[in-house]
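Structure first, then comments.
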Amino acid sequence: MFSWLRKEGGNEAPQVFRTVAEGLSNLYKEVLLPLEEEYLFHEFNSPRLDDSDFFAKPMILLIGQYSTGKTSFIRYLLENDFPGMRIGPEPTTDRFIAVMHGDRDAVIPGNALIVDPKRQFRALSKFGNAFLNRFQCSVSPNSVIENITIVDTPGILSGQKQRQDRGYDFVGVLEWFAERVDRIILLFDAHKLDISDEFRKCIEALRGQDDKIRIVLNKSDMVDNQQLMRVYGALMWSLGKVIRTPETARVYIGSFWDQPLKYVFNRRLFEAEEQDLFAEIQSLPKNAALRKLNDLIKRSRHALVHAYIISTLRRDMPSMFGKENKKMQLINNLHEVYREIERTYHISPGDFPPMGRMKEVLKDQDFSKFHALKPKMIEKVENMLANDMTNLMQMLPAEEAQSAPEKVVRGGAFAGTEQGPFAAGQGEGADYGAGELQEWVVEEHKTKYDKLFFELGPIDGKVSGATAKKQMVQSKLPNTVLGRIWKLSDVDRDGMLDQDEFALAQHLMQVKLDGHELPANLPPHLIPPSKRGFSS
């Protein structure tokens, strides 16, 4: 059990928090929630959090225009169909589908889903029946979703179709999910890179969640090498106009379905990109507590700024006459309120809510019902950020270490590349020859290596380090890499290389030149037969 104690004040017994999630839930209800309610935070921003928001499994949100392969991507991960799944070239997925783990295949409608206290969707009721009729949970016993939840979304429309009214706040729903998920995957089709107006609005609604966004250029096998370079450049250019950040977004290139590749030139690239994306998905359960802690800190900072804005507006309102005129004046001059708060409380400009949206919500508010600033309430939140969050951070390493074996994404597409000849990196680089019937894999090119060895003029069957260096530096590899190769190749640790050790050094140099990593220790299949006695 990992715990830390927190006194609420006076002689009260300290609280014991056994997990980070439990600590976050308690701190939110006791410290942050009162501040949010006092200054109407939920009317301007996201709804209040429930216990299920802190204890829920990590979520992945898939967003993309229709026919970019969102549903196919989920099926590729699960390696089987899930209830309610529909795949086609047109907008077949017309609803939000939360794919979750359960004992048997089932579909839970949206209205039933939001009254389940064990699931984190209760706050979605604010979007009304029009949305709830387009929301469902697909339950499946698939092992991939034991520790994660995947949310499929309706295909974002383009052309004339995007002018049709969905009947609910589609962008608002995406924003609600974006605040709570662990990863947001934007999918693009290699043949469909245009960003429609609706897609642009959706991406803009994700601002503030940039650290969660990953981009997938799907169906990349449908174009050849030259076209893929052009497609990638066009995608980055299009995204640069919408995602306005100085950092380049991470783009994963591949084809996430179980069909044969049309163009196989980039097969190794696709496999490497897939493994990077899989590794990121598999790390989500392990890092879930850290993400929740980070999100609560972010929410706390926003709530503090919101409290300063509301209290300042309340302070500047007249007590008797001219309230409506003063209200409009304050809304029109909201930029001056922002500047005053920035100077007075030393707030970063990036912590303020978007001014346009704030003005829209303020128009419907009664400023006379706003509350004045309560320093003790502010101090309590600041103390939580300074002390309590630090204590929870100290719990993270031990909690992650204890739960690491249990919280792993297994099965489905992840199982196919974990072991066996098709595992990532299996039979490549330094691993080439492992498990093969031949005695020593270096024998394949040893004739060529032996010729180089004898050209160096060995003495008593060995070459010195200085002599070997003259030949090895011709590879143009850095000295740090050549130094590692030397240590791995000098198996008997005599400071010289014999014929077999020299051949091994040449083999390792070629491994590095081919773009693979060197092993930390020499694997058994690379140890020369004449040196097996030194391997221990």
With no hydrogens and no angle check, do the side chains of Glu198 and Gln65 hold a donor and an acceptor under 3.5 Å apart?
no

Considering only heavy atoms from C-beta outward, does the side chain of Ile213 approach that of Ile184 to under 4.5 Å?
yes

Would Glu175 and Lys201 count as a salt bridge (Lys or Arg N to Asp or Glu O under 4.0 Å) if you check the C-alpha gap in whole Å, the side-chain angles of each, and the deciding distance to 0.1 Å?
CA-CA 11 Å; Glu175 191 172 359; Lys201 290 178 183 177; over 6 Å; no

Check the orientation of Phe199 and Phe188. Use parallel for under 30°, tilted for 30 to 60°, and perpendicular for over 60°.
tilted

Could you go through the salt bridge (Lys or Arg N to Asp or Glu O under 4.0 Å) check for Asp116 and Arg119 one step at a time?
CA-CA 6 Å; Asp116 186 349; Arg119 305 187 191 273; 3.2 Å; yes

Donor-acceptor check, side chain of Thr153 to backbone of Leu62, threshold 3.5 angstrom: yes or no?
yes

Passes side chain to side chain donor-acceptor pair (under 3.5 Å), Asp152 versus Thr71? Steps please.
CA-CA 7 Å; Asp152 194 8; Thr71 307; 2.6 Å; yes

Under 6.0 Å from the six-membered ring centre of Phe177 and within 45° of its axis: does the NZ or CZ of Arg180 meet both?
no

Is a side-chain donor-acceptor pair under 3.5 Å present for Asn80 with Asn142?
yes

Evaluation steps, salt bridge (Lys or Arg N to Asp or Glu O under 4.0 Å), between Arg343 and Glu340:
CA-CA 5 Å; Arg343 291 193 305 268; Glu340 179 189 344; 5.9 Å; no

Any donor-acceptor pair under 3.5 Å linking the side-chain atoms of Arg299 with those of Ser46?
yes

Donor-acceptor check, side chain of Lys70 to backbone of Gly64, threshold 3.5 angstrom: yes or no?
yes

Just do the ring-ring contact (aromatic ring centres under 6.0 Å, His included) check on Phe367 and Phe370 with the steps written out, would you?
CA-CA 5 Å; Phe367 283 23; Phe370 290 172; 5.0 Å; yes

Would you say the side chains of Thr19 and Glu399 form a donor-acceptor pair under 3.5 Å?
no

State, without any angle test, whether Ser368 and Asp366 hold a side-chain donor-acceptor pair at a distance under 3.5 Å.
yes

Do the rings of Phe127 and Phe131 sit parallel, tilted or perpendicular, given the 30° and 60° boundaries?
perpendicular

Parallel under 30°, tilted from 30 to 60°, perpendicular over 60°: which one fits the rings of Tyr28 and Phe54?
tilted

Testing Val216, Ile74, Leu77 for side chain to side chain contact (heavy atoms under 4.5 Å, CB included) with Phe256, which one passes?
Val216

State, without any angle test, whether Glu37 and His42 hold a side-chain donor-acceptor pair at a distance under 3.5 Å.
no

For this output row, return yes or no: ring centroids of Phe96 and Phe170 closer than 6.0 angstrom.
yes

Criterion side chain to side chain donor-acceptor pair (under 3.5 Å) on Glu274 and Tyr252, from CA distance to verdict
CA-CA 7 Å; Glu274 180 180 283; Tyr252 296 92; over 6 Å; no

Please report the C-alpha distance between Glu517 and Lys512 in whole Å, then the side-chain angles of each, then the deciding distance to 0.1 Å, and finally whether the salt bridge (Lys or Arg N to Asp or Glu O under 4.0 Å) criterion is met.
CA-CA 6 Å; Glu517 293 300 319; Lys512 190 62 180 176; 3.6 Å; yes

